[in-house]
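Bear in mind the structure is a predicted one, so any value in this text is a computation, not a measurement. Convention: sequence-line order gives letters A, B, ...; per-chain numbering from 1. Heavy atoms only: backbone and side chains are in, while hydrogens, waters and symmetry mates are out.
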Amino acid sequence: MLKTHTCGELRAEHIGQEVTLAGWLNRRRDHGGLIFIDLRDRFGITQVTVNSDEAPEAHQVASQARSEYVLQVRGVVRRRPEGFENPQLATGEIEVIAQEVTILNPAKTPPFLIGGEAVNVDESLRLKYRYLDLRRPHMTRNMVLRHEIVRLIREYFYARDFLEIETPILLKSTPEGARDFIVPSRLHPGKFYALPQSPQQIKQLLMVAGMERYFQLARCFRDEDLRADRQPEFTQLDLEMSFVEPGDIRALIEALMIQISETVSPKPIRQVPFPVLTYQEAMERFGTDRPDLRFGLELFDVSDAVQESQFGVFRNAVAGGGQVKGVLYPGGASLSRREIDELTELVKPYGAKGLAWIGLKEGAGSDGHYGAEALRSPIAKFLSQEELAAIVQRSGAQPGDLILLVADRPDVVAASLGNLRLAIGRRAGLVDENSLAFCWIVDFPLLEYDEEEGRWQAVHHPFTAAVDEDWDLLETAPERVRAKAYDIVLNGWEIGGGSIRIHRSDQQMRLFQRLGLSEAEVEEKFGHMLEAFQYGAPPHGGIALGLARMVAIYAETPTIRDVMAFPKTAAGTDLMLGSPSPVSEEQLRELHIAVRVGDDEAERSAEKAAKAEG
RNA sequence: GGGGGCGUGGUGUAGCGGUUAGCACACUGGCCUGUCAAGCCAGAGGUCGCGGGUUCAAAUCCCGUCGCUCCCGCCA
């Protein structure tokens, strides 16, 4: 080894020892005859002191060293002079008095500062020079944190008799779900593999194979548009167990998450055991199936109280099968008109046509009456005293508060208010950042109607089992069939989801038929599953957790890119490697592939021309 | 596929019709033996993302385009 110790481990107990360190020059403070070098490696920073009187040759080398030079330093550990300790450094009690300094490799001036205070560097620059970005201490910390969590996960499942089994990356394209990344086959002209969206079918087949307890940190691939919490390539903690019921999987994961939280985070878990909410309850109370339970501000429903209102927007919404619901903005009555307009804008992407609001001034409702002078609202004049009283009472509003209401289809109301609630929580500082709020969401609907395709689709995936007593509704009232599915949510992020699977071929076939698949289609696409289920498939179920989302929350970063070593941009490109990139004509020929980029462009410009004329 | 935001020396930013395009950090040279955001002095460094337009005049206004980013759709 070119070093005897790391840059993070020397303490008072090492005083007097001769050591050799190696690392990067983090910062240099040159006092002429005396040079201080902060030497950095993955483990920390140690101050190296180079004195021209004591080590003239070392001093000569040190004076040439610049930021990010790779240095090797031989010297003696010495206690720092009294009053010169640095309590901000783990090694701050000591310094290494250099006897010899060697430049192992010089470095160009990096495109952004690596040592020193963290500045917000443009992300495209960080991604282009990711190897430098990862050198920055907070990024190194994220990688270490991710590793620690991975280690905990592995140890947890090893200790519980789970088998870690790898599954194929070259898989088969599946008809439903996300868009597949496909891989052409050289040996089979015109045929393709697909990268796994998840090893769902494979892990179920492992259960049929009698493995009973499987887990894997599985790489998954989905060719869909990206988000702050979505990358085309990601890692899931994927597991499957035989002979289990939903509660068994939840208990297993709950204990794991508690252990991870207690090990890597100083933040307390708000509630143990984790609260369990039904999907319906979550939608009604929070407008989302991944509620952030670090604060209250639950939605309230006034549909029944305003269904006969003079205010047409409310009356018509309810008459048309919609709802009128609201959320409270504590202390929001003093918001400027401009700020309220901003809240309205916030709600529009979700389809809400507007936001109705009622601000309560001092003394509002004190005598059971809501006079115009006590309210600040463009709609109060359309509402009766009874309606106002009901709205105020259900919102729990006090003088000084602002009531925000949306009237629309239930899905629009939920999405609008759910996101409005989050915005209010953030703006009003109600979110307790210093806590971990886990919850389970259960009883998801098994099916949803796809208007575009005119057929029922699986909400989760087509292998999810229905709640036992709901099977008979499959043909008569498919919207009421509940799934044996569960999602785990942490601080408003869906970090995982799973289900008990169908393990009988007759039930699986029944569901496929409900989904409108012909027998021929089923045979072609899922024949292997149906056949497998006929050879003694055990009851089984599992779950998959997004590793990066989990780590991002513990790392307190808003994007999973910060906890991935080499993530892609929002457009799915890799700025360091320059991928995706064209391949040679020979490569294409070998794969029996003809590229139609020209055709597509021609089609697009033809469409544009047609549009311009029309 | 749609919408929003951003793009000014290496980095972070100010400037938002007429400035010699300013500041901080980084960088280069010099001085400096107790700093840890070292200090002091001097210096170099800018096609204001790109293209077009409006204007006597554009970093600044308009259109397009590229890149990054956030959101909607999408993500079984």
- Note on the structure: With the side chain defined as heavy atoms from C-beta on, A:D38 is closest, among B:G34, B:C70, B:C36, to B:C36
- Message: Mind checking if A:Q457 touches a base, just sugar-phosphate, or nothing, with heavy atoms under 4.0 Å?
- Response: nothing
- Task: Report which part of the nucleic acid A:E82 touches: base, sugar-phosphate, or nothing (heavy-atom distance under 4.0 Å, all strands).
- Result: nothing
- Message: If we check side chain to side chain donor-acceptor pair (under 3.5 Å) with A:R501, which of these qualifies: A:Q204, A:Q201, A:E240?
- Response: A:E240
- Name the orientation class of the two ring planes belonging to A:H461 and A:F463 (parallel below 30°, tilted from 30 to 60°, perpendicular beyond 60°). tilted
- Task: If the plane angle is over 60° it's perpendicular, under 30° parallel, otherwise tilted; pick one for A:F444 and A:Y279.
- Result: tilted
- Message: I want to check one thing: is the phosphate of B:C68, taken as OP1 and OP2, less than 4.0 Å away from some side-chain N or O of A:T573?
- Response: yes
- Message: I want to verify a distance call: between B:G10, B:C75, B:C71, whose nearest atom is closest to the A:P111 side chain?
- Response: B:G10
- Assign A:R179 to base, sugar-phosphate, or nothing according to its heavy-atom contacts below 4.0 angstrom with the strands shown. nothing
- Task: Write down the atom of A:P199, the atom of A:T167, and the distance for their closest heavy-atom approach.
- Result: CB-OG1, 3.6 Å
- Of all the choices, B:C75, B:U35, B:C71, which nucleotide is nearest to the side chain of A:H31 once you look at every atom? B:U35
- Task: Verify the contact: side-chain N or O of A:R66 to OP1 or OP2 of B:G29, cut-off strictly under 4.0 Å; return yes or no.
- Result: yes
- Message: Using a 4.0 Å heavy-atom cut-off, does A:L125 contact any base of the nucleic acid, only the sugar-phosphate backbone, or nothing at all?
- Response: sugar-phosphate
- Taking OP1 and OP2 of B:G34, is either one under 4.0 Å from a side-chain nitrogen or oxygen of A:Q47? no
- Message: I want to verify a distance call: between B:G12, B:U35, B:C74, whose nearest atom is closest to the A:D225 side chain?
- Response: B:C74
- Give the intermediate values and the outcome of salt bridge (charged side-chain N to carboxylate O under 4.0 Å, His left out) for residues A:D225 and A:R230. CA-CA 8 Å; A:D225 287 2; A:R230 266 161 36 189; over 6 Å; no
- Taking only the side-chain nitrogens and oxygens of A:T569, find out if one of them lies under 4.0 Å from OP1 or OP2 of B:C68. yes
- Determine: side-chain N/O of A:R29 to OP1/OP2 of B:A37, distance under 4.0 Å, yes or no. no
- Note on the structure: Of B:U35, B:A38, B:C70, the nucleotide closest to the side chain of A:R561 is B:C70
- Closest to the A:V121 side chain, choosing from B:G12, B:A26, B:C68: B:G12
- Message: Taking the minimum atom-to-atom distance to the side chain of A:T109, which one of B:G34, B:A26, B:C75 wins?
- Response: B:A26
- Query: Checking all strands, does A:P349 fall into the base, sugar-phosphate, or nothing category for heavy-atom contacts under 4.0 angstrom?
  - Reply: sugar-phosphate
- Message: If the cut-off is 4.0 Å, is A:S67 near the phosphate of B:C27, judged by side-chain N/O to OP1 or OP2?
- Response: yes
- Note on the structure: Ranking B:G34, B:C32, B:U69 by distance to the side chain of A:D30, first place goes to B:C32
- Task: Answer yes or no: does a side-chain N or O of A:R227 lie under 4.0 Å from OP1 or OP2 of B:U69?
- Result: no
